[in-house]
Engineer: 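Have a look at the structure that comes next, please.
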Amino acid sequence: MIKLYIVDDESSVRNGLTECIDWQHYGIEVVGTGANGRKAYEDIEKLTPDIVITDIKMPQMDGIELSNLIRKRYPETEIIFLSGYDDVEYLKEAIKVEAVDYIFKPFTMDELDKVINKTIDKIKEREEKKILLAEMQRKIDESMPLLRERFITGVLTEECKDSKIEEKLDFLGIKLPVDSKYCVLLVSLDNHELVLEKLSEKDRQVCTLILRDICSKVIENERRGYIATLNTGTIAILLSLENTDDEYINAIAEKLKDN
């Protein structure tokens, strides 16, 4: 349900809006009402409504001041102003706070219906965008291992010559310090072309996946290497080195071979 809060210093207006309109028809629930902006803002902090219908001229805190507070803290809350025809200066301020619309008193049910439907459409459109963005983010997250591998492959084959390389590293969550030293280890099966030639395509792929899995487990323990599959049966490992100690590199190579 969409949550609605109503603010007006006239009880007849508050009661009329609350009781004389079938809000359920719109999928809206009236979660509270207030007689001035100060009381309304205290309630809004607790109730976080999706829509606020507010009078412009009110004691203690007017609708413009209330709307500015709402905009700062709850930017997605939609605001609808109620105003008299003589509130021109106030309406100029209403435009600044990006109210979804305003209604002149007295208003008809048709006028209110149009504004409410417009506001609901705006909320639904925003929610649909959120769902779409969340789905896109989910797909990016799922694709991240593949994107990382493609990037590392590009680095190793010199296909990656992007001027925005640091931006890509940050996006992919790859930690490759510019001032670090690196080495590349190539891991493949002995006589892999002859071995793989005798296997079915399915078994060749399984063999490569097993080889990759073994390399991943060894390198994950080191916490400073990235893996790419160059071709069936050959895995490349880009290893960040704190120093150029050959013994360390040989120890990693032995560990890979033993596994």
Side-chain angles (χ1 to χ4, degrees), residues 2 48 50 74-77 121-242 248-249 251-259:
I2 295 172
T48 60
D50 303 294
Y74 309 104
E76 291 189 349
T77 298
D121 288 343
K122 191 173 180 181
I123 291 171
K124 286 181 177 178
E125 182 181 355
R126 185 172 62 242
E127 291 304 310
E128 286 171 1
K129 282 182 180 178
K130 281 184 181 179
I131 292 169
L132 178 60
L133 286 171
E135 178 64 15
M136 288 172 65
Q137 186 61 52
R138 184 187 66 79
K139 288 181 178 179
I140 288 173
D141 291 342
E142 288 179 352
S143 303
M144 196 59 75
L146 178 60
L147 294 174
R148 288 193 189 105
E149 178 157 351
R150 283 180 178 173
F151 176 81
I152 296 299
T153 302
V155 169
L156 296 176
T157 57
E158 295 188 335
E159 292 174 7
C160 180
K161 297 180 180 178
D162 200 324
S163 60
K164 296 182 179 179
I165 188 119
E166 290 185 7
E167 190 177 324
K168 279 193 173 182
L169 289 171
D170 183 59
F171 168 71
L172 294 170
I174 295 176
K175 296 178 181 178
L176 291 176
V178 175
D179 57 351
S180 178
K181 296 175 181 177
Y182 295 90
C183 76
V184 177
L185 302 177
L186 292 179
V187 184
S188 63
L189 299 171
D190 290 338
N191 302 314
H192 70 273
E193 290 184 1
L194 293 175
V195 172
L196 296 176
E197 187 181 348
K198 299 173 182 177
L199 300 177
S200 66
E201 180 58 28
K202 178 182 176 182
D203 287 341
R204 279 196 290 270
Q205 295 298 330
V206 168
C207 196
T208 300
L209 286 172
I210 291 171
L211 187 62
R212 178 189 170 79
D213 187 55
I214 291 169
C215 293
S216 295
K217 287 177 180 175
V218 172
I219 297 306
E220 278 173 12
N221 291 332
E222 298 303 316
R223 296 182 181 177
R224 52 184 181 185
Y226 293 92
I227 293 175
T229 304
L230 296 187
N231 53 55
T232 304
T234 303
I235 307 295
I237 300 169
L238 179 61
L239 199 61
S240 172
L241 303 173
E242 292 179 355
Y248 172 76
I249 298 171
I252 296 294
E254 286 292 342
K255 200 179 290 185
L256 288 164
K257 190 174 70 169
D258 290 345
N259 277 271

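This structure is a prediction, so every number in the text was calculated from the model and none was measured.
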Engineer: With Asp141, which of Gln137, Arg138, Lys139 fulfils side chain to side chain contact (heavy atoms under 4.5 Å, CB included)?
Structural biologist: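 Between Asp141 and the candidates, side chain to side chain contact (heavy atoms under 4.5 Å, CB included) is satisfied uniquely by Gln137.
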Engineer: Starting from the C-alpha separation in whole Å, work towards a yes-or-no answer on side-chain contact (heavy atoms from CB on, under 4.5 Å) for Leu156 and Tyr226.
Structural biologist: CA-CA 11 Å; Leu156 296 176; Tyr226 293 92; over 6 Å; no
Engineer: Given Val187, which partner from the list Thr234, Leu256, Val218, Asn259 fulfils the side chain to side chain contact (heavy atoms under 4.5 Å, CB included) test?
Structural biologist: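 It is Leu256; the other options fail the test.
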Engineer: Might you point out which heavy atoms bring Glu76 and Arg126 nearest each other, and give the distance in Å?
Structural biologist: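 Glu76 and Arg126 have their closest heavy atoms at O-NH2, 2.9 Å.
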Engineer: Looking at CG of Asp50 and NZ of Lys122, how far apart are the two atoms once the value is rounded to the nearest 0.5 Å?
Structural biologist: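 Output value for this atom pair is 13.0 Å.
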Engineer: Let me see the working for Thr229 and Leu211 under side-chain contact (heavy atoms from CB on, under 4.5 Å), right down to the final yes or no.
Structural biologist: CA-CA 10 Å; Thr229 304; Leu211 187 62; over 6 Å; no
Engineer: When rounded to the nearest 0.5 angstrom, what distance separates CG in Leu189 from SG in Cys207?
Structural biologist: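 Here the rounded value is 4.5 Å.
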Engineer: Going by heavy atoms in the side chains, are Leu230 and Leu186 under 4.5 Å from each other?
Structural biologist: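 Yes, at least one pair of side-chain atoms sits under 4.5 Å.
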Engineer: How long is the straight-line distance from CG of Asp258 back to CD1 of Ile214, given to the nearest 0.5 Å?
Structural biologist: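 Here the interatomic distance stands at 11.0 Å.
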Engineer: Roughly how far apart are Ile249 CD1 and Cys183 SG, rounded to 0.5 Å?
Structural biologist: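 With rounding to 0.5 Å, CD1 (Ile249) is 4.0 Å from SG (Cys183).
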Engineer: Would you confirm whether Ser143, through its side chain, and Leu146, through its main-chain N or O, come within 3.5 Å as a donor-acceptor pair?
Structural biologist: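 Answer holds: no.
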Engineer: Would you confirm whether Asp213, through its side chain, and Leu209, through its main-chain N or O, come within 3.5 Å as a donor-acceptor pair?
Structural biologist: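 No; judged by distance alone, with no hydrogens or angles, the pair does not exist.
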Engineer: Sorted by first residue and then second, give each salt bridge (charged side-chain N to carboxylate O under 4.0 Å, His left out) pair with at least one member in residues 143-154; sequence neighbours left out.
Structural biologist: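 Of all non-adjacent pairs touching residues 143-154, those that pass salt bridge (charged side-chain N to carboxylate O under 4.0 Å, His left out) are Glu149-Arg212.
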Engineer: Please report the C-alpha distance between Val155 and Phe151 in whole Å, then the side-chain angles of each, then the deciding distance to 0.1 Å, and finally whether the side-chain contact (heavy atoms from CB on, under 4.5 Å) criterion is met.
Structural biologist: CA-CA 6 Å; Val155 169; Phe151 176 81; 3.7 Å; yes
Engineer: Check this for me: does any side-chain nitrogen of one of Arg204 and Glu201 sit under 4.0 Å from a carboxylate oxygen of the other?
Structural biologist: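 The answer is yes: the pair qualifies as a salt bridge.
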Engineer: In Å and rounded to the nearest 0.5 Å, what is the OH to CG distance from Tyr248 to Leu239?
Structural biologist: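 If I round to the nearest 0.5 Å, the distance is 5.0 Å.
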Engineer: Taking atom NZ of Lys198 and atom CG of Asp203, what is their separation to the nearest 0.5 Å?
Structural biologist: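 If we round to the nearest 0.5 Å, Lys198:NZ and Asp203:CG are 14.0 Å apart.
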Engineer: Ion pair present between Lys124 and Glu127, side-chain N to carboxylate O less than 4.0 angstrom?
Structural biologist: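 Judged by the 4.0 Å cut-off on N to carboxylate O distance, Lys124 and Glu127 do not form a salt bridge.
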